[in-house]
Every structure is written in C-alpha cells, then in structure tokens.
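Below is one structure, written out as structure tokens; the observations come after it.
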Amino acid sequence: MPDVAGEGVLRIGELSKRSGVSAELLRAWERRYGLLEPQRSAGGLRLYSGADVDRVRRMRRHLATGLAAAEAAALARREETPAPAPANSPATLRAELADALASFDEPRAQAVIDQALAATTVDTMLAELILPYLHELGDRWQRGETTIAHEHFASGILRGRLLGLARGWGLGMGPAAVLACLPAEQHDLGLIAFGVALRARGWRIVYLGPDTPLDTVEEAARETRAELVMLSAALPERVRALVPRLRALAGRHRLVLGGPGAEPARAAGLTVLAGDPVAEAAALS
Amino acid sequence: MPDVAGEGVLRIGELSKRSGVSAELLRAWERRYGLLEPQRSAGGLRLYSGADVDRVRRMRRHLATGLAAAEAAALARREETPAPAPANSPATLRAELADALASFDEPRAQAVIDQALAATTVDTMLAELILPYLHELGDRWQRGETTIAHEHFASGILRGRLLGLARGWGLGMGPAAVLACLPAEQHDLGLIAFGVALRARGWRIVYLGPDTPLDTVEEAARETRAELVMLSAALPERVRALVPRLRALAGRHRLVLGGPGAEPARAAGLTVLAGDPVAEAAALS
Amino acid sequence: MPDVAGEGVLRIGELSKRSGVSAELLRAWERRYGLLEPQRSAGGLRLYSGADVDRVRRMRRHLATGLAAAEAAALARREETPAPAPANSPATLRAELADALASFDEPRAQAVIDQALAATTVDTMLAELILPYLHELGDRWQRGETTIAHEHFASGILRGRLLGLARGWGLGMGPAAVLACLPAEQHDLGLIAFGVALRARGWRIVYLGPDTPLDTVEEAARETRAELVMLSAALPERVRALVPRLRALAGRHRLVLGGPGAEPARAAGLTVLAGDPVAEAAALS
DNA sequence: ATAGGTTTTGTCAAGCTTTTGTACAT
DNA sequence: ATGTACAAAAGCTTGACAAAACCTAT
C-alpha cells in the first residue's frame, strides 16, 4: 500500500473503502460538520490525504463510544496532531537513562525522564524511552549482564514515575477498563504504561496490578461495569494452563491479553495484543 | 458510614435508621427536650447533620443505663464535643479513604490523600492515614472481609502516591540506606513508607523493592557505600531460614529488619524494628 | 490533546447509559436541584462533559447511602473535584497556572500544581512552573498589567504550597543553612523555593523569613552552627547600604546573596547567586 | 399512635423539534 | 457531484400523577 503522506491522492471511493464509511455519508459529514476539507481535481473530484483517513477513523471511534455525530466530528477535528516535535534524540536519552539506573543514581534518572517529558508527549516518552529501556533491560537480564538489584532499582523508579502519570486515571466519563496481571505474574510496568496510554485516549482505568486471581478480575469488571478487561502475561506456560478459564471470561467481557507470554492464547481464539503497549492502546480506541 | 459533613443532609427517616429511634420519638424528643434543632428544608422537612446522629446515640446510651428521658437528653446535649472532627480528622479521613478504595473510586481516594497532605506533614499522613489503613486492610483480608481485587486496587493507588512522595529520595549528601524486601516477599508499602520517613530525616535512599535476593542487596550496599541496610519481612518462616545469612550480612553492614515477620531474627541477635515505620525512622536518626 | 473532557460532548442518552440514570430523571435533577448545567447545541440539545458524569455518580452514591435527592444533589455539587486534566507539557501547565491565578480560581491552581507534582520532581516543578511564573508575574507587575489583588492572591497560594513542600525541612542530620530576607525586604517566595531545593539535597533549613535584621540572622547562624547563610534582596539600594555589615558577616560565616537586587554586593567581593534558585541550590551542593 | 394534609421525587405522556443516515433527482 | 428530501431515532418542554416520606395536631 503506497504511503499517502502529504497531499490529496485518495478519491472518495477509496477513502470510503479504507475508512469503512459510505461515500454519501462522507459527503454529509463534510457538509454538515466540516469534518473534511478535501482538495479538488480539475474536474471537481474530491481528493483526500492520509490525515483525512485518520480523521475519519477518529470520528468513527468517537461514534462507537456513544458520542453523537456533531460532537464526534468536533472532537475528531480538535484532536488533529500538529506534527511530531523533534525530541533531543531518544537514543541519547535512553542511553543516559540506562546509565543512571545502572549506577543507582536516582536523581539523574528522574532528571532524564523529566527532560523527556518536557520535550515530548507522554505517549512518545513511553514508546521511545521507557518501554525500549525495559525491553533492553529484559534482554540484558536474560543474558546475565545485569543483576537483580539493578533490575529492582530500575523498576522501582520507573513504577513510581508511571504511577505518577497514572494519577487520576480513574476519573472521568470514558468507558472503564480493568487491568491486571495474571496469577503469579509480577511484571506490571508494561501494563501500567498501557493503562496510561489508554487513559490518554479517554478510557477510565481500574488497575488491579500484579498477581491477580481471575475470580477477582471478574468481580472488579462486574462492579465497575468495565467495557474492557486487559490481562498481562509474561510467561506462556501460565497462560496455557488458564486458557479454559480465560475463554469463559471472554464470554462475559471484552477480553484482551498482552505481554510477552500471551501468544499461546491466540491459538485458543482469544484476542492477543502483540505490539508495544502504546501502539496497541491506540489501536484499541 | 459515609461522610455527611457539616450541615443538615439527613431527613428524619434516615436519621431514624441510623440511630435506631423511630421518627415519631425523634420528633417528641425534639419538642419535649429540645434534643435536636434540625435545619428545615424549604418545604419544612427537618434536616439533620452528622452531629445529630451522634447526639441521638448518646441519648440512647443514657436511656439504656437507666436515666430518665429528660436527664438523658440534657446530658446528651451537654456532652457535645466542641470539635467533633473538623471533617478532616484522621479518623474521618481514614474512613473516607477506606470507603473510596472499597468502591474502586480512584479519584476520591486521591482527593482524600490530597486533603490529608494539605493539612499535615507527610509523616503524620503516613502514620495516621496510610499505615493504619494498610493495617486495617490486612486485618480485614485475614478475616475474609475483603477481596483480592480490592486489596490490589488499593495497593496500586497507595503505591503510586508513596512512590510520588519518594521521588528524589536518592538525591543529596546524606548517608545512604538500602531498602529491600526479603526473597519471596511482595509487600513493599510499609518499606516505602519507611523510606519516605527516613528521607525526610536526611537519608539518601536506594530502594530495591520486593523479593530481592540477599546477594544483590549486598552488592547494592557495597556499590552505594550504604550506612544502613533495611530488610522487610512479612512472614516469620522465611526469616528463620535466612538467619545465618542475615547474620553474615550484619557483620559487614549496619542491618535492621522490619515488618510483621521479623520477630524471629531478634532471638538471633539481629536488630528488629517493631513499631510503625515512621516512628522507627525517627528513632534511627 | 486527545481527551477533551472539559467541553460538552455527551448527549443525554449517552450520559444516561454511562451513569445508569434515566434521561427523564437527569432532566428532573437538573430542573429541581440544578445538579447539572449542560451546554446546549445550536438546536437546544443538552451537551454534557466528563465532569458531569462524575457529578451524577457522586449523586448516586449519596442516594445509595440514604440521603434524599435534594440533599444528595447539594452535596454532589459541593464536592466538585478540581480538575481531571490529562498529562500536559510544562508550557501548557504554566499557562494554565497563570490563567487560574488570574481568575482567582484557587482550586484549579492547586490542581495544576498537583498535576505537575504527580508527574515530575519537586525540582522540576519549581524550576519549570513556579519560578517562571513568579518571574512573569513580576514583569507584568512592573508593566502595570496586573493588580495588587492578583499579586497577593497568587503569592498567598504559592507561598502555601511552597511552605507545604518545606514542611519538615528543619529536620534531619544534614548541615544547616540559615535563610532570610534582608531588612525591609518582603519577597520571600524565591527564598523559600531555594530552601526547598537545598532541602532536597540534604541540607537542614533554618528559615527566618522576610524583613530580618542582620543581628538576628547572625544570632541564628551562631546558635544553629549553620554552614551557610543565604540572604535575599530585591532592591539594589538596600544592599548597597548594608555592604559593610554584610562583609563583616561574611567573615564569620559562609555567606551568599541572592535575588534580583543582590548584584551590587558582587563588586564588594561577596558571593552572589544569579541564576534560578534550583540551579544555584544544586551548584552549592 | 393516628388522622389528615403536604412535600418530595421518580416516572410517564403528549406534542413538537432536532439530528442524522440514506435515498433520489438533477 | 450537488442538493433536497425523508424517516427513524433521540431530544425538548410542559404538565401531571402517584407512591413514599414528612408535617402538625389531636
């Protein structure tokens, strides 16, 4: 699929196909809410850009969450992302973060994160700094290049920052999502990052954390009328053993699984998120 | 029971339910002894406050001890506590925090903590709000009165707040203290609280968190030239098994143990902190 | 800015679904108790915000505890939580703080600071939010663009927060620093910020506040065996007159001067901090 | 404790308007 | 492609009603 970067190249039929919205409706949205402002061909045909595809998709997302068309359109327009701000080199920051954490230097690690937060969005900070660092840390740990003390020290600090960003994520109007790690799972950082990213997209988060029995996940989902249940798994074996119960749970709630160990569930017909948390949160919305 | 702050919010039926006195009788007590002086709604309905509930309860107690109604009323009125919890007394806040966390209501829980922080020091907030709540939660959990979901939800939020207060605790010139939970131990909230309290007294904190092998504790202590190593233990059995190694560690660093399961170490000649984390942190400095 | 929860986006049906309260009842609550004050679409449809969802939920909670509708509504309105506000860049936060303070909106101002504190370190919060704002306020005041009322309102709130952060700064084992404003000087906010930053680096603070005679400063420094004396000056003239005495003081203690009016002292061979308080505190440690 | 009247509050209905996806004619 | 039309769905206002909860006075 050719990358439709800057200017108008899509005709209305193609936009319709890609966005899943009928051509008539697209024209109506344009007329009534000014959702799109396509260029015109010499003969008067509408020509849409890649940004337009995104805008229509946002509109559909908002419709799906229950907003009425006029409001959904206004929001979709307002959310236009201006342009990714040039950060001061994610790679440098990542290296500095790694170095600070490796030398038990909390203040410096905090400063690096502060710097990243000042320069970009939370999303980008997560996707470009925290999550890659965690990945790298995991790899190094597997190769025996780091000690548990370092790993613990680093997660303590990152957990604090992530939970700080998470403050208030239970507030508001969005649909609720229950987040938990499967029984015996302790790694919650990716899950928190996922929650923060979901939150930024309007969800309301109910966070249960590591090592949560499925019974109580269900209880929480019921009590909070959650529209989504996200379970994180690090180790495939544990997931395999739980597949029947997970399937039952999926019958009663919209269930998604994530984390490095979630793969086995896919074969069982369950929804598995494979990418990085931020991207998946974006896709879910 | 819920808040019901200053002014009249209860109608007579609800007061009746809460005090266990029939509505007719309440009106009679008002007329005859002036026990209550409720506000009135625009339409003339009586509106009672939380203090009124207490006054009626006192009245009942006095009746039960055999006083005549008139005397009981007089007494109940005279006993009015001048400052009956100015809406943010520790007890009230604690109840409200418990209520918020029990109903998966993150924003309210955060608001309660904010309120406490605005009114007192971090030390007091920890000692009077967070730690007692954790204690209570533990008790309730043991009695099967709460579910794991609630316990997880609550610790997630409290951990976030504590780690927020902890931010920057590695900064400075003070002596360093290494904090960790013993292997297999997951409960780190008390340990973090201890760290925060230590920090407020000038220590520099290196926090390793839950489930940390002794090897790596020692490694971190060496690398950071720590003057103190604090290990937290929830279950006595685990401590017993580790006593020899702990003793060796104590030979090389100033070592203290804490948490509900640390007792067995005392017999082995190790230093054990028995009180609440804040008090112990104060004593250490 | 993805989640624009501030504005009205929900129609009554959706609010009904999310809050579990029928549309008729929502309208009744609005009419009878003014619980909600939705915006209106061009055609007159009610448009609700995320805060409205929360308010309805609070109302339901109070109803569930037995309050009658009128009282439940009054309470739900009174309990308004300051602001949800999704994660933001420093610049945005600063603008929002300025806006809140300019409109005498204390809760919102507090919420902005809360948010900043949740997401970053105290250092960064000071350096990126509070101090730049103070600078800006000073400039505006000089240009006559703000009134004394605003200036007082703003400093009152900021002083409160800073002193909140300062709580306990006299505690601990670090070296002591005496902080004071020169005689006749009233502006202490920068000085307090400096103290907070010093404290974060392990110093013990002895704070004497505005308009302190030099005699008193010296006495405090002697009694507390301070390793550092920091004096703040806003107006150069006052400093000039005091140079001889300051020089004498510098002979007995390590003395530094700060604030916009400290410059003249430099010529006299005294140490003057010119940068922002946080950076200077870092440099001193 | 009862009687007789009032207030409060959730629900419903009638009649009309707005919104919005789709269809059709030019 | 444009403009108009249309009908279903969702909202709005006004008014009313009945059950529950309260009031005063006896």
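Naming: A, B, ... by sequence-line order, numbering from 1 per chain.
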Tell me which nucleotide among [options] gets nearest to the side chain of [X].
| X | options | answer |
| --- | --- | --- |
| A:R31 | E:dT4, D:dT20, D:dT19 | E:dT4 |
| B:S41 | D:dC12, E:dC12, D:dT8 | D:dT8 |
| C:Y33 | D:dT2, D:dG10, D:dT9 | D:dT9 |
| C:S22 | D:dT2, D:dT11, E:dC23 | D:dT11 |
| C:L45 | D:dT9, D:dT18, D:dG21 | D:dT18 |
| C:A70 | D:dG10, E:dC12, D:dT9 | D:dT9 |
| C:R40 | E:dT13, E:dT24, D:dT20 | E:dT13 |

Can you tell me the distance, in whole Å, between the [atom1] atom of [X] and the [atom2] atom of [N]?
| X | N | atom1 | atom2 | result |
| --- | --- | --- | --- | --- |
| C:I12 | D:dT18 | CD1 | P | 17 Å |
| B:L15 | E:dA21 | CG | C1' | 14 Å |
| A:L67 | E:dG11 | CG | P | 12 Å |
| C:Q39 | E:dG11 | CD | C1' | 17 Å |
| C:E30 | D:dG10 | CD | P | 15 Å |
| A:M59 | D:dT20 | CE | P | 8 Å |
| A:E71 | D:dT18 | CD | C1' | 12 Å |
| C:L26 | E:dA10 | CG | C1' | 14 Å |

Side chain B:S19, main chain B:R57, donor-acceptor under 3.5 Å: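 No, the answer is negative, given that no donor and acceptor are paired below the 3.5 Å cut-off.
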Check: B:L47 and B:L10 side chains under 4.5 Å, non-hydrogen atoms: no
Nearest-nucleotide 5' precedence on DNA chain D, C:L63 against C:G44: C:L63
5' precedence on DNA chain D between C:A28 and B:E24 (nearest-nucleotide basis):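 Of the two residues, B:E24 wins.
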Residues A:R252, A:E218: salt bridge by 4.0 Å N-O rule: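 A salt bridge links A:R252 with A:E218.
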Sugar-phosphate only, base, or nothing, as touched by A:R11 at under 4.0 Å among non-hydrogen atoms: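 The residue A:R11 makes no contact with any strand.
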Touch class at under 4.0 angstrom, heavy-atom based, for B:A23 against every strand present: nothing
B:F104 and B:H150 aromatic ring geometry - parallel, tilted or perpendicular at 30°/60° bounds: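 B:H150 vs B:F104 ring planes: parallel.
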Polar side-chain contact C:R27-D:dG10 base: donor and acceptor under 3.5 Å: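 A donor-acceptor contact between them is absent.
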Any donor-acceptor N/O pair under 3.5 Å between D:dG21 base and A:R32 side chain: yes
Nearest-0.5 Å distance, CG of residue A:D52 to CZ of residue A:R18: 12.0 Å
Residue closer to the 5' end of DNA chain E, C:Y48 versus B:G13 (nearest nucleotide):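 Looking at the nearest nucleotide for each, C:Y48 comes out on the 5' side.
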Short side-chain N/O contact to D:dG10 OP1/OP2 from C:W29, under 4.0 Å: yes
Greater than 12 external heavy atoms within 6.0 Å of A:E14's CD: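 Yes, enclosed.
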